[in-house]
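Computed from a prediction, not measured in an experiment: that's the story for all the values here.
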Amino acid sequence: QVQLVESGGGLVQAGGSLRLSCQASERTFRTDVMGWFRQGPGKEREFVAVIYRNGGYTHYRDSVKGRFTISRDDATNTVYLQMNNLVPEDTAVYYCNSGGPITPQRPGVYWGQGTQVTVSS
């Protein structure tokens, strides 16, 4: 089974930046697509961003467009999420996701352990 290990969360003030990373334990056809979801306090889980293996396709939820950038390093099977101009609404546990097609309503089957992002203002 593929393991996803996340890191990079922390506490920042509004306007600050964080970079999340997530490394898969192995590369298979099921890790061709990788992405991020998040769940804030008292909120439902929501889609954040997704990227294809070759980096040619990316997609973001509207509220993070222009602020977040998803990227990946296929040599290390690692996906990143660069988060700039953070706002308190970005506060959430961020989860790496992979394993099959990823849509906002249907994630892939592999999940990271989650990393906490807290934005104060």
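- Linking Ile, Leu, Val, Met, Phe, Trp and Tyr residues whenever their side-chain heavy atoms come within less than 4.5 Å leaves Val12 and Val93 in two separate clusters.
- Between the CD1 atom of Ile51 and the CE atom of Met34 there is a distance of 9.5 Å, given to the nearest 0.5 Å.
- Checking side-chain atoms of Thr78 against main-chain N and O of Thr76 turns up a donor-acceptor pair under 3.5 Å.
- Rounded to the nearest 0.5 Å, atoms OG (Ser98) and CG (Asp32) are 8.0 Å apart.
- In this structure, Arg72 is not positioned above the aromatic face of Tyr80 in the sense of NZ or CZ being under 6.0 Å from the six-membered ring centre and within 45° of the axis.
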Can Gln23 and Asp73 be said to form a side-chain contact (heavy atoms from CB on, under 4.5 Å), step by step?
CA-CA 9 Å; Gln23 185 171 26; Asp73 181 351; over 6 Å; no
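- For the pair Arg106/Pro101, a side-chain contact is recorded, criterion being any heavy-atom separation below 4.5 Å from C-beta on.
- Of the possible donor and acceptor atoms, none in the side chain of Thr91 sits under 3.5 Å from a partner among the backbone N and O of Thr118.
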Take Trp36 and Val50, measure what side-chain contact (heavy atoms from CB on, under 4.5 Å) needs, and give me the verdict at the end.
CA-CA 6 Å; Trp36 295 90; Val50 67; over 6 Å; no
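- The minimum heavy-atom distance between Pro88 and Ala14, with the atom names listed, is CD-CB, 4.3 Å.
- Checking side-chain atoms of Asn97 against main-chain N and O of Tyr110 turns up a donor-acceptor pair under 3.5 Å.
- One hydrophobic cluster, built from ILVMFWY side chains closer than 4.5 Å, holds both Tyr52 and Ile102.
- For the side-chain contact (heavy atoms from CB on, under 4.5 Å) criterion with Leu20, the lone passing option out of Glu6, Met83, Gln82 is Met83.
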Evaluation steps, side-chain contact (heavy atoms from CB on, under 4.5 Å), between Phe37 and Trp111:
CA-CA 10 Å; Phe37 288 75; Trp111 290 98; 3.9 Å; yes
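- Grouping the Ile, Leu, Val, Met, Phe, Trp and Tyr side chains by contacts below 4.5 angstrom, directly or via other members, places Val119 apart from Tyr95.
- Between the side chain of Asn84 and the main chain of Ser17, no donor-acceptor pair closer than 3.5 Å is present.
- Taking all atoms of both residues into account, the shortest heavy-atom contact from Arg38 to Val64 is NH1-CG1, 4.1 Å.
- Annotation: the span from Leu18 atom CG to Phe68 atom CZ amounts to 9.0 Å, rounded to 0.5 Å.
- Between the NZ atom in Lys65 and the NE2 atom in His59 there is a gap of 6.0 Å [rounded to 0.5 Å].
- Summarising the geometry, atom OG belonging to Ser121 is positioned 8.5 Å from atom CD belonging to Glu89; distances are rounded to the nearest 0.5 Å.
- Counting heavy atoms from C-beta on, the side chains of Arg45 and Pro107 come closer than 4.5 Å.
- Annotation: Gln116, atom CD; neighbour count of heavy atoms from other residues, nucleotides and ligands within 6.0 Å is above 12.
- With Tyr60 contributing its side chain and Ile70 its backbone, the two residues share a donor-acceptor pair below 3.5 Å.
- A donor-acceptor pair is defined here as one N or O able to donate and one able to accept, closer than 3.5 Å; such a pair exists between the side chain of Thr115 and the backbone of Gly9.
- Here OG of Ser63 is found 7.0 Å from CG of Asp90. Values are rounded to the nearest 0.5 Å.
- Side chain of Arg61 to main chain of Val48: no donor-acceptor pair is present (N/O by atom type, distance under 3.5 Å, no hydrogens or angles).
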